[in-house]
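Note that these values count all heavy atoms, side chains included, but never hydrogens, waters or copies made by symmetry. Counting starts at 1 for both ligands and their atoms, in listed order.
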Amino acid sequence: MFESLTDKLTGVFRRLAGRGKLTESNIQEGLREVRVALLEADVNLIVVKDFIRKVTEKAIGDEVIKAVMPSQQIVKVVYDEIVALMGPADPTIPKNPGRPTVVMMAGLQGSGKTTTCAKLARLFMKKGAKPMLVAADLQRPAAIEQLKTLGASLGIPVHAEAPGTVRPPGVCRRGIEEATRLGCDLVILDTAGRLHIDEALMAEVKEIADTTRPDQVVLVVDAMTGQDAVNSAKEFNDRLPLTGVILTKLDGDARGGAALSLRAITGKPIKFIGVGEKIDDLQEFYPDRMAQRILGMGDVVSLVEKAQETVDRDTAQRFATKMFKNEIDLQDFLEQIGQMEKMGPLQSIMGMIPGLGSAMQGKGAEMEGEFKRMKAIIQSMTVDERKHPEIIDGGRRKRIARGSGRTLPEVNNLLKQFKDLRKMMRGFNPGAMAKMMRQMGKGGRPGMPGVAGS
Ligand SMILES: Nc1nc2c(ncn2[C@@H]2O[C@H](COP(=O)(O)OP(=O)(O)OP(=O)(O)O)[C@@H](O)[C@H]2O)c(=O)[nH]1
Ligand SMILES: [Mg+2]
């Protein structure tokens, strides 16, 4: 999903992060690249223009340039705008008291209406609903059978009538009556597709909508058709009282143009997304999660959850307090390494951090090796040495090197790094923190494990 857009955007942000200092002109340049990436992703031109204008306004401001990590701040500005563009979230179908909720599906041929009827029924069955499907596509003889088969696989009733004399609005009306009799609380109407916006068929859906007055008129749109999808959605929206959109085949959509433009162009929320051919492949649509995916933020949410699960809050708190008082010793250092290790393989952790995954490609194992070496060295120190590293003289260094199986220069290097860290902590302020994080961000040497993760 969205691979090509994600690749391009993370590339832009990586280049921005690589600049030592961000200026108005290199931010502008970065945003020009974002613009190109969005256009190449087939996002609607008007949407792109408006988006870039908003992002520029926020990104050029003082807050970004003076921010602790300017490039991350820009990622955040872009992220917030993408969320706003696709949101707010509305994956709901409110239940009617006393009578079944009626959902009507509409959309172009092959967009996924029939499949999505069943998927939607399934999704709401999991929430306790009793759905019924109504076969109102009388254009294609096989359509009724398709829906019956899907209904049977779910074990739910399907209202179907022999085609010939009946018309779709009547089928729907009788379907809703039957659902009421059977005690179903959700009725999903499958309608006929159209190749283009064709007057006769359009009149048919409109007639169904007028006769049955559905609670939801949902447009089913194939994400893989990009701007064509958006243009047809616009036409449907002009003629039908749409309440929302279901975007299907997102699993096959590398570009993301439809997902990013639909809401802005139609003003109607994307409610659900189809992410595969199986009956369970329908998900509620959440703009924030989608934006994280698009920006290659991997799964920040699950990273945070993982950290909450594994990182011992007290240890973290103690560490933070000590850091402020500049009382960090090598024992704390060791504990922080332990905390990092508890979270799992570094490479997979880094993959979840925005922009870091690709930037630090392959660095995870290297850093883990470094941690392991540091751990071995610190573990060969006495408690006293860990608490008061300044007592570690030449003789002790040699002993520690021997004990840990590391070289003397490695021991010296660790002690020097630690000394530098303390020095930096002495004038502890956000600026020093930023400098430290930047140094760490440049990779290679993990200056202070735990700080980056907190
Ligand atoms: N990969 C993938 N395939 C999907 C998704 N949704 C639907 N499809 C496939 O798209 C094809 C068309 O789906 P249908 O549900 O028959 O489409 P329709 O809109 O009812 O088509 P008509 O009735 O002809 O207008 C089927 O092969 C589905 O399996 C999805 O989210 N992902
Ligand atoms: Mg169909």
Side-chain angles (χ1 to χ4, degrees), residues 1-3 91 103-124 131-154 156 158-161 163 168 171-172 175 187-206 208-209 214 216-226 228-230 232-233 235-236 240 242 244-259 262 270-286 289-290 293:
M1 200 188 288
F2 308 146
E3 303 80 5
V103 178
M104 176 182 145
M105 301 286 201
L108 293 181
Q109 223 168 68
S111 57
K113 292 177 297 301
T114 308
T115 323
T116 306
C117 286
K119 287 177 174 177
L120 195 64
R122 167 84 175 148
L123 192 71
F124 278 83
M132 171 192 259
L133 306 177
V134 177
D137 175 0
L138 306 179
Q139 294 292 316
R140 210 159 49 83
I144 297 176
E145 281 315 309
Q146 190 190 354
L147 199 70
K148 278 185 177 167
T149 309
L150 286 164
S153 75
L154 289 172
I156 58 173
V158 175
H159 178 87
E161 299 177 17
V171 174
C172 290
V187 183
I188 304 172
L189 313 174
D190 182 29
T191 67
R194 55 230 60 233
L195 216 45
H196 311 285
I197 309 273
D198 142 325
E199 288 307 326
L201 279 171
M202 206 63 182
E204 181 182 295
V205 247
K206 199 152 181 346
I208 297 174
Q216 302 276 336
V217 180
V218 177
L219 184 68
V220 179
V221 173
D222 175 349
M224 288 170 71
T225 57
D228 288 344
V230 177
S232 67
E235 286 193 52
F236 271 102
L240 280 177
L242 294 185
V245 176
I246 296 182
L247 199 55
T248 62
K249 308 188 198 178
L250 237 64
D251 49 312
D253 178 23
R255 302 200 293 172
L262 260 172
I270 298 173
K271 283 177 166 279
F272 304 94
I273 50 174
V275 293
E277 294 197 69
K278 290 196 293 294
I279 199 114
D280 277 311
D281 293 334
L282 187 76
Q283 299 173 353
E284 295 175 335
F285 179 72
Y286 291 104
R289 292 182 201 170
M290 194 54 70
R293 261 189 155 137

Colleague: Do Asp190 and Leu133 touch side chain to side chain, with heavy atoms closer than 4.5 Å?
Modeller: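 Counting from C-beta outward, Asp190 and Leu133 never come under 4.5 Å.
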Colleague: Which heavy atom of Ser153 sits nearest to which heavy atom of Ile279, and what is that distance?
Modeller: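 Reported closest heavy-atom pair: OG-CD1, 4.4 Å.
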Colleague: At less than 4.0 angstrom from any atom of ligand 1, which residues have a non-hydrogen atom? List them by chain and residue number.
Modeller: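 Residues Leu108, Gln109, Gly110, Ser111, Gly112, Lys113, Thr114, Thr115, Lys119, Asp137, Arg140, Gln146, Gly193, Thr248, Lys249, Asp251, Gly274, Val275, Gly276, Glu277 each place a heavy atom under 4.0 Å from ligand 1, listed by chain and number.
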Colleague: Are Ile246 and Phe285 side-chain neighbours, meaning at least one heavy-atom pair lies under 4.5 Å?
Modeller: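 Counting from C-beta outward, Ile246 and Phe285 never come under 4.5 Å.
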Colleague: So do Lys271 and Gln216 actually touch side chain to side chain, heavy atoms under 4.5 Å?
Modeller: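 Yes, at least one pair of side-chain atoms sits under 4.5 Å.
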Colleague: Is it true that Asp280 and Arg122 make a salt bridge, defined as a side-chain N closer than 4.0 Å to a carboxylate O?
Modeller: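 Arg122 and Asp280: salt-bridged.
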Colleague: On a heavy-atom basis, which atom in Lys113 and which in Leu108 lie closest, and how many Å separate them?
Modeller: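 Heavy-atom minimum between the residues: NZ-O, 2.8 Å.
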Colleague: If you apply the rule side chain to side chain contact (heavy atoms under 4.5 Å, CB included), what do you find for Val230 with Thr225, and how did you get there?
Modeller: CA-CA 8 Å; Val230 177; Thr225 57; over 6 Å; no
Colleague: Given Cys117, which partner from the list Leu150, Val218, Leu147, Asp137 fulfils the side chain to side chain contact (heavy atoms under 4.5 Å, CB included) test?
Modeller: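 Looking at Leu150, Val218, Leu147, Asp137, the match for Cys117 under the side chain to side chain contact (heavy atoms under 4.5 Å, CB included) is Leu147.
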Colleague: Could you enumerate the protein N, O or S atoms under 2.8 Å from the Mg ion (ligand 2), written like residue then atom name?
Modeller: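 Protein N/O/S atoms under 2.8 Å of the Mg ion (ligand 2): Thr114 OG1.
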Colleague: Is the shortest side-chain heavy-atom distance between Phe272 and Leu120 below 4.5 Å?
Modeller: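 Yes, close enough: below the 4.5 Å cut-off.
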